[in-house]
Amino acid sequence: MINIQRKEDCCGCSACAQCCPTQCIKMEADKEGFLYPKVDSEKCINCNLCTKICPVINPQNIRTPIESFGAYIIDKEIRLQSSSGGIFSLLAKKIIDEEGIIFGATYNNEWEVVHRYINNAEELPLLRGSKYVQSNIGECFKLAKSFLQRNLKVLFSGTPCQIAGLKHYLKKDYPNLITVDFICHGVPSPLIWKLYLQETLQTYNKKAKETATIKSINFRDKCEGWKDYHFTINLNNGRALSYQPWNNLYMRAFLCNLILRPSCYHCPSKSGKSGSDITIADFWQVENLLPNYNDNQGVNAVLINTTKGKELFSKLSCVKEIVNYKDIIMYNKSYYKDNPIHPDREKFFTNLDSNKSICKQLNKTLSTSIIKKILCRFTRLMH
C-alpha cells in the first residue's frame, strides 16, 4: 500500500486513490492544506497497484523536445484574456472542433481551484488563464479514461506532476489522448489561498461598508501589458482589487517559494519527465530572441515533445517561429531546476493560525529581514 513517510514524496496527483480497486484510499488535506492519500488498511488487499503507478516512486526519464517555437494566437481578444500567447485556447478549440473533451483547472463556486472537463467552446474561458493554486484533480483521471475508451479525443492539461500521474494511471498510451503541461514554478497551498481570499474580501467590505462578492479572478491581468501583469480580483459592484505581483502578499509568498507544496522543492516531473505531448510557457526574453514578437501582449514558448504533439500543433493557425529550446529554458529555469525552499517555510506553517489574520502572518514572515527580501527578489529574477 502507499505509505507517505515524507511529505516531499507525494505530489498530490491522486493517481493512487483513483486506481485503487477497493477504493480504500482517500485524499485528505494536511494542516498545510495539501492533499495526501490516507489508506483504510482494513479494505486494502495489498495489490500494490497504488505504488506501481505513483509518479514519484516511478519517475520517467528526462526528454529533450523534438521541436520548439515562439507562438501566439491571431485573435487579439483571446490573446488578451490569456496568460501569455493563447496557444492553449487554440489547442483546446481544435480538439473541441473534433468533438473531443478538454480537461483543465477552473474555479468552483467557492473560488477553490479544481479540475473539470468541458466539451464546448463556450466554456473554454473557464479553463483559460493561470491559477496559482494546486488544483484538486478529483476523479478526472477516471473520467478521462472512460472518454478515451469510448474513442473520443481528449486533451488533458495540468501541471507536470498531474500529467505524470495521469500517464501512470492509464498504464498505456492512447492514440486519442493529447497531454499538455506547462513550465511550473510550483503549486501554492489551497488553504493559504482560501484564507487569503476570505480575509481580502472581508477587509474590503468592512472598509467600503458593502457586501460585495467576487465576480472573477485573474492572476495574470494584462491591464498594463503582459510583462507588467497584475493580480486582479473583480467584484460584483464593478470595483477591482488589482496589484502588481510584488505588492501583493499572496503573490509574493508564491514567488518567494514560501507556500509551495513540499514536493515542489524536489519535483519528480521536470525536464520533460512528465510524459506530456506539449509543454507551454511564457516566452520570457522574447525581445532578445524574437524581437518582432515583442509587443507586450503575450507570447508562448511551445515545446513539442512527441509526434502526436507535433501533428496537433502543425494544424494550428497562429503566428509561430522555430527557436532553440535551450534559449527558452535559459529564461525558464523552472523547466529543469527545483526552486529553493524559503528559509522560514517550516516556521510559517508550524505557527500558522487559521483564526488570525493570514495577511499579517504572511507579512511577518516575508519581511523579517533585508536578507530574505533580497533572496526573494533574486529568486524572482532567476525565474
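All values derive from a computational prediction rather than experimental measurement. We count residues from 1, following the sequence as given.
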Open item on the list: Assess the residue pair Leu124 and Phe88 against the criterion (side-chain contact (heavy atoms from CB on, under 4.5 Å)); give the C-alpha distance rounded to whole Å, side-chain angles, the decisive distance to 0.1 Å, and a yes or no.
Closed with: CA-CA 10 Å; Leu124 188 52; Phe88 167 75; 4.2 Å; yes
Task: Ile233 and Leu201, any side-chain heavy atoms less than 4.5 Å apart - done: no
Task: Aromatic ring proximity, centroids under 6.0 angstrom, Tyr72 and Tyr293 - done: yes
Task: Atom NZ of Lys142: over 12 foreign heavy atoms under 6.0 Å - done: yes
- [ ] Check whether any side-chain heavy atom of Val319 lies under 4.5 Å from a side-chain heavy atom of Arg79, and answer yes or no.
- [x] no
Open item on the list: Return the CZ to SG distance between Phe34 and Cys264, rounded to the nearest 0.5 Å.
Closed with: 7.0 Å
Open item on the list: I need the Lys7 NZ to Arg261 CZ distance, nearest 0.5 Å.
Closed with: 8.5 Å
- [ ] Apply side chain to side chain donor-acceptor pair (under 3.5 Å) to the pair Lys227 and Asn294, showing each step before the final yes or no.
- [x] CA-CA 10 Å; Lys227 297 177 184 178; Asn294 186 33; 2.7 Å; yes
Task: Other ILVMFWY residues reachable from Ile53 by side-chain steps of under 4.5 Å - done: Leu49
Task: side-chain contact (heavy atoms from CB on, under 4.5 Å) assessment of Lys31 paired with Phe349 - done: CA-CA 8 Å; Lys31 65 178 183 180; Phe349 277 109; 5.5 Å; no
TODO: Could you go through the side chain to side chain donor-acceptor pair (under 3.5 Å) check for His230 and Asn218 one step at a time?
DONE: CA-CA 8 Å; His230 282 51; Asn218 189 346; over 6 Å; no
Open item on the list: Could you check whether atom CG of Asn120 has more than 12 heavy atoms from other residues, nucleotides or ligands sitting under 6.0 Å from it?
Closed with: yes
Open item on the list: Check for me, please, whether Phe182 and Ile102 land in the same ILVMFWY cluster - side-chain distances under 4.5 Å, paths through other members count.
Closed with: yes
- [ ] Decide salt bridge (Lys or Arg N to Asp or Glu O under 4.0 Å) for Asp75 and Lys93; before the verdict, give the C-alpha distance in whole Å, the side-chain angles of both, and the deciding distance to 0.1 Å.
- [x] CA-CA 13 Å; Asp75 188 308; Lys93 181 61 165 54; over 6 Å; no
- [ ] For Lys310, check salt bridge (charged side-chain N to carboxylate O under 4.0 Å, His left out) against everything at least two apart and list the hits.
- [x] Glu67
Task: Straight-line distance of Tyr336 OH to Ile183 CD1, nearest 0.5 Å - done: 10.5 Å
Open item on the list: Please check if the number of heavy atoms outside Glu346 that lie under 6.0 Å from its CD is greater than 12.
Closed with: no
TODO: Could you tell me whether Glu8 and Arg6 make a salt bridge, using a distance below 4.0 angstrom between a side-chain N and a carboxylate O?
DONE: yes
Task: Single-linkage hydrophobic cluster, 4.5 Å side-chain cutoff, Leu366 and Leu352 together - done: yes
Task: Donor-acceptor side-chain pairing of Ser242 and Thr232 below 3.5 angstrom - done: yes
- [ ] Would you list the pairs meeting salt bridge (charged side-chain N to carboxylate O under 4.0 Å, His left out) in which at least one residue belongs to residues 199-218, sequence neighbours left out?
- [x] none
Open item on the list: Here's a test for you: under side chain to side chain donor-acceptor pair (under 3.5 Å), which of Tyr331, Tyr229, Trp226 qualifies with Asp282?
Closed with: Trp226
Task: Check: Pro262 and Arg345 side chains under 4.5 Å, non-hydrogen atoms - done: yes
Task: Whether over 12 other heavy atoms sit under 6.0 Å from Gln149 CD - done: yes
Open item on the list: The test is side-chain contact (heavy atoms from CB on, under 4.5 Å); show your working for Ile4 and Ile2 and say whether it passes.
Closed with: CA-CA 6 Å; Ile4 307 300; Ile2 200 84; 4.0 Å; yes
Task: Intermediate values then yes/no, side-chain contact (heavy atoms from CB on, under 4.5 Å), Lys94 and Leu155 - done: CA-CA 10 Å; Lys94 186 64 178 177; Leu155 186 150; over 6 Å; no
- [ ] Starting from Met27, walk the hydrophobic network (Ile, Leu, Val, Met, Phe, Trp, Tyr; side-chain heavy atoms closer than 4.5 Å) and list everyone else you reach, by chain and number.
- [x] Leu35
- [ ] Please say which of Asp327, Ile322, Ile329 ends up in a side-chain contact (heavy atoms from CB on, under 4.5 Å) with Tyr325.
- [x] Ile329
Open item on the list: Please verify the inter-ring angle class for Tyr132 with Phe219; under 30° counts as parallel, over 60° as perpendicular, anything in between as tilted.
Closed with: perpendicular
Task: More than 12 heavy atoms of other groups within 6.0 Å of Lys171 NZ - done: no
- [ ] Begin with the C-alpha distance, continue with both residues' side-chain angles, and end with the deciding distance and a verdict on side chain to side chain donor-acceptor pair (under 3.5 Å) for Thr365 and Asp344.
- [x] CA-CA 7 Å; Thr365 302; Asp344 285 334; over 6 Å; no
- [ ] Treat each ILVMFWY residue as a node, draw an edge where side-chain heavy atoms are under 4.5 Å apart, and state whether Phe283 and Leu80 are in one component.
- [x] no
Task: From Ser84 atom OG to Ile73 atom CD1, the distance as rounded to the nearest 0.5 Å - done: 11.0 Å
Task: Heavy-atom donor-acceptor pair, Asn305 side chain to Val180 backbone, under 3.5 Å - done: no
TODO: Taking Asp181 for its side chain and Thr159 for its backbone only, find out whether a donor-acceptor pair lies under 3.5 Å.
DONE: no
Open item on the list: Using 0.5 Å steps for rounding, measure from the NE2 atom of His115 to the OG atom of Ser157.
Closed with: 5.0 Å
TODO: Hydrophobic side-chain clustering at under 4.5 Å (ILVMFWY, transitive links): who's grouped with Phe147? Put none if nobody.
DONE: Ile101, Phe103, Tyr117, Ile137, Phe141, Leu143, Leu148, Leu152, Val154, Phe156, Ile163, Leu166, Tyr169, Leu170, Tyr174, Leu177
Open item on the list: If I compare all heavy atoms of Val323 with all of Gly70, which pair ends up nearest, and what's the gap?
Closed with: CG2-N, 3.9 Å
TODO: Examine Val133 and Leu197 and state if one hydrophobic cluster contains both, with Ile, Leu, Val, Met, Phe, Trp and Tyr joined whenever side-chain heavy atoms are less than 4.5 Å apart.
DONE: yes
TODO: Could I get the full list of side chain to side chain donor-acceptor pair (under 3.5 Å) partners for Thr106, not counting sequence neighbours?
DONE: none
Task: Test item: Leu195 and Gln198 side chains (from C-beta on) under 4.5 Å apart, heavy atoms - done: yes
Task: Backbone N/O of Tyr36 and side chain of Asp30: donor-acceptor pair under 3.5 Å - done: no
Task: Candidate pair Asn237 and Tyr204, rule side chain to side chain donor-acceptor pair (under 3.5 Å), full reasoning - done: CA-CA 12 Å; Asn237 61 3; Tyr204 170 83; 3.0 Å; yes
TODO: Report yes if the side chains of Ile217 and Phe231 come closer than 4.5 Å at any heavy-atom pair, otherwise no.
DONE: yes
TODO: Taking the side chain as every heavy atom from C-beta outward, state whether Lys326 and Ser68 have any pair of such atoms under 4.5 Å apart.
DONE: no
TODO: Decide yes or no for Ser276 and Arg63: does some side-chain heavy atom of the first lie under 4.5 Å from some side-chain heavy atom of the second?
DONE: yes
Open item on the list: Any heavy-atom pair between the side chains of Ser89 and Ser82 that's under 4.5 Å?
Closed with: yes
Task: Atom NZ of Lys153: over 12 foreign heavy atoms under 6.0 Å - done: no
Task: Gap between atom CD of Gln18 and atom SG of Cys13 - 0.5 Å precision - done: 8.0 Å
Open item on the list: In this structure, would Ile45 and Ile25 fall into the same cluster of hydrophobic residues linked by side-chain contacts under 4.5 Å?
Closed with: no
Open item on the list: Given Thr306, which partner from the list Asp277, Asp173, Thr179 fulfils the side chain to side chain donor-acceptor pair (under 3.5 Å) test?
Closed with: Asp277
